[in-house]
Asks: 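My questions will all concern the structure given below.
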Protein chains: 2
Amino acid sequence: MPIKQPMRLALVDDHTLFRKGLISLIKMVCNDCEIVFEADNGNDLQLKLNKQTIPDIILMDVNMPFMDGFATVEWLNKNYPQIKVLVVSMITKEDSIVRMLKLGVKGYLCKDVEPNELGDALNAIMDKGFYYTDFITGKLVHSLQKIDTQNEKHSGIRLMNDREKDFLKLACSELTYNQIAAQMYLSPKTIDGYRDALFDKLQVKSRVGMALYAVKYGLVQL
Amino acid sequence: MPIKQPMRLALVDDHTLFRKGLISLIKMVCNDCEIVFEADNGNDLQLKLNKQTIPDIILMDVNMPFMDGFATVEWLNKNYPQIKVLVVSMITKEDSIVRMLKLGVKGYLCKDVEPNELGDALNAIMDKGFYYTDFITGKLVHSLQKIDTQNEKHSGIRLMNDREKDFLKLACSELTYNQIAAQMYLSPKTIDGYRDALFDKLQVKSRVGMALYAVKYGLVQL
DNA sequence: AAATAATAAAGGATTTTAACTGTATTTGGT
DNA sequence: ACCAAATACAGTTAAAATCCTTTATTATTT
C-alpha cells in the first residue's frame with residue numbers, strides 16, 4: 001500500500017497575523033501537511049519559489065501590495081502550472097470571483113469560513129482537483145445569466161421578427177447574401193430588405209457590426 | 001406552524017417509458033409530491049400548461065422532437081418565469097450544459113443518476129433554489145477557461161504578427177478598410193495585404209468570418 | 001369595404017470587399 | 001556582401017455589400 005505523501009502547502013497573504021492564524025488552523029484540521037513557505041505577496045512568492053519549495057497547493061489572497069492575486073495566479077499559470085491555487089479572500093465581488101475562476105483557481109473561500117471547511121477544501125483539491133462551494137457556483141451561474149438578462153433590456157432584440165432572426169443567424173457566417181436568400185427560399189432583394197431593417201433596428205452600419213451585435217447579445221453562439 | 005404544501009412536479013420527455021420510470025422513482029424518494037402533468041415535448045407542454053397546472057418544478061429532457069429543451073426553457077422563461085426547471089438528460093456535452101445554465105435552469109442531472117440524488121436535487125431546488133453538482137460546476141468552470149486554452153491550440157493566433165493583430169481589432173468594427181488604413185497610418189493597399197494574410201492564416205473567407213473568429217478566440221472583447 | 005400594416009420583391013447606383021499579380025524597400029542571417 | 005524573408009504598397013477586376021426608391025400581395029384593423 002502506497003505511503004501517502006504529506007500535503008505541501010504555501011501561503012501568500014500580506015497580513016502576517018492572518019497567515020499565522022491560518023497556519024495554526026491548518027495544523028488542527030490536517031495532521032499530515034507541511035508549510036513549505038509563506039510570502040507577503042506575488043513578488044515575494046517569486047523569490048521564495050524554487051525547485052525545492054514547490055507546494056501542491058498555494059493559499060492565496062487577492063488584495064496584496066506590489067503584486068496582487070490576479071497577477072500572481074497568471075504568473076503561476078505560466079511558470080508553475082502544476083501548482084493548484086486556493087483563493088482565501090475577503091472579496092466576494094462576483095467579478096473578482098469569476099475572474100479568478102477564469103484564471104483556473106481550484107477553489108475560492110471566504111476568510112470567515114469554518115476551519116472544517118478549509119480542511120474539506122484542501123482535501124477535495126488534492127483528491128478531485130477542485131472545491132467549489134454553492135456560494136461560488138451561485139455567483140458563477142448568476143454571472144452567466146447576467147449577460148442574457150442584460151440583453152432583454154437591449155432594445156433591438158424585441159423589434160426583430162422571426163424571419164429577421166433567422167436571417168441574422170445566417171448573416172453570422174461566410175455565406176453571401178445571395179446564398180442566404182437561396183437557403184431561406186427568398187429573393188436576394190428580400191434579404192436586402194431584411195438587412196436594411198436590421199441595420200436600422202440594431203443601430204449598426206455594416207454586416208460586421210450586425211454579426212458582432214448578434215454575438216454580443218447572445219442571439220447566435222459561436 | 002405552516003402546513004407544507006406538496007411539491008408540484010411536471011415531466012417533459014419524449015420517452016414514455018423513461019417518464020413513467022422516473023415518476024415511480026420520484027414517488028419512492030419523495031413522499032409528498034404530486035405529478036401535475038406529463039408532456040412529450042415543448043409543444044405538448046404548451047398545451048397542457050395552464051393556471052390549474054402550474055408546477056413548482058419541471059423535469060425536462062433536452063433532445064425532444066418538434067420543440068427541444070432549449071426552446072422550451074426559453075418559452076417558459078418568457079411565459080412562466082416562476083417555474084423552476086431541472087434538466088434530466090443523457091447529454092453531457094459541455095456546450096449543452098452551459099447553454100442550459102445560461103437559460104437559468106436550476107439543476108442538471110444525468111439520466112443515470114442515483115434515485116437519492118434525484119430527491120436531493122428536488123429538495124435543494126425547493127429549499128435554496130438550485131442544485132448544481134460538482135460535475136456541472138466542473139464543466140462550467142472548464143468552459144470559462146476553455147476560451148483561453150483553446151487559443152493556444154488554434155494555430156492562427158501564433159501566426160499573426162503585432163500589426164496584423166492591431167488590424168484585426170480594428171476590423172472588428174464598422175470602419176471600412178480605408179478608414180482603418182488611415183488610423184494605422186498605412187496605405188489601403190497594405191491593409192489589403194493584411195486582410196489577405198489573415199484570411200489565409202485564420203482560414204476564413206470574409207471579414208465577417210474574420211471578426212467572428214477574433215471574438216470566438218478572445219482576440220477582441222465585445 | 002376601406003385604410004393600414006406587414007411582408008416580399010424589383011431596379012438602379014455607388015461603395016466596399018475580395019482575389020490576383022507584381023514591385024520596391026528593408027531586415028536579419030551567414 | 002549576398003540571400004531570403006518580411007514589409008509596404010500598386011494596378012486591375014470581379015464580386016459583394018450598401019443605399020435608395022418604388023411596387024405588388026397579403027393580413028389586420030377599423
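Side chains included, hydrogens not; waters and symmetry mates left out as well; all remaining heavy atoms used. Every chain is numbered from 1 and lettered A, B, ... according to where its sequence line falls, protein lines coming before strand lines. Predicted, not measured: the structure shown is a model, and the values here were computed from it.
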Asks: Rounded to the Å, how far apart are A/Leu198 CG and C/dT7 P?
Replies: 12 Å
Asks: Indicate whether OP1 or OP2 belonging to C/dT7 is found under 4.0 Å from a side-chain N or O atom of A/Asn161.
Replies: yes
Asks: Reckon B/Tyr194 touches a base, only the sugar-phosphate, or nothing at all at heavy-atom distances under 4.0 Å?
Replies: sugar-phosphate
Asks: Rounding to a whole Å, what distance do you find between B/Leu159:CG and D/dA5:C1'?
Replies: 15 Å
Asks: In whole angstrom, what separates A/Arg163's CZ from D/dA27's C1'?
Replies: 17 Å
Asks: Flag the pair A/Asp95 and A/Lys139 as a salt bridge only when some basic side-chain nitrogen lies within less than 4.0 angstrom of an acidic carboxylate oxygen.
Replies: no
Asks: Among residues at least two apart in sequence or on other chains, which ones pass side-chain hydrogen bond (donor to acceptor under 3.5 Å, both in side chains) with A/Tyr108?
Replies: none
Asks: Around atom NZ of A/Lys84, are there more than 12 heavy atoms of other residues, nucleotides or ligands at under 6.0 Å?
Replies: no
Asks: For B/Leu186 and D/dA10, give me the distance from atom CG to atom C1', rounded to whole Å.
Replies: 15 Å
Asks: Quick one: are B/Asp166 and B/Leu170 in side-chain contact, heavy atoms under 4.5 Å?
Replies: no
Asks: Rounded to whole angstrom units, what separation is found between the CG atom of A/Asp200 and the P atom of D/dC20?
Replies: 11 Å
Asks: Can you check the A/Ile180 CD1 to D/dA16 P distance for me, whole Å?
Replies: 12 Å
Asks: Strictly by modelled atom types, are B/Tyr213 and B/Gln203 linked by a side-chain donor-acceptor pair under 3.5 Å?
Replies: no
Asks: Taking atom CG of B/Leu17 as the centre, does the number of heavy atoms from other residues, nucleotides or ligands within less than 6.0 Å exceed 12?
Replies: no
Asks: Which nucleotides of nucleotides 10-23 of chain C have their base under 4.0 Å from a protein heavy atom (B), which only their sugar-phosphate (S), and which neither (-), written as one string 5' to 3'?
Replies: BBB---SSBB----
Asks: Please round to 10 degrees the angle between the axis of the first five pairs and the axis of the last five pairs in the helix from C/dA1-D/dT30 to C/dT30-D/dA1.
Replies: 40°
Asks: Rounded to whole Å, please give me the gap between CD in B/Gln179 and P in D/dT18.
Replies: 13 Å
Asks: With heavy-atom distances below 4.5 Å as the criterion, would you say the side chains of A/Asp44 and A/Met67 are in contact?
Replies: no
Asks: Please indicate whether B/Asp162 has more than 12 foreign heavy atoms, meaning atoms of other residues, nucleotides or ligands, lying under 6.0 Å from its CG.
Replies: no
Asks: Is there side-chain contact between A/Asn41 and A/Asp14, with heavy atoms separated by less than 4.5 Å?
Replies: no
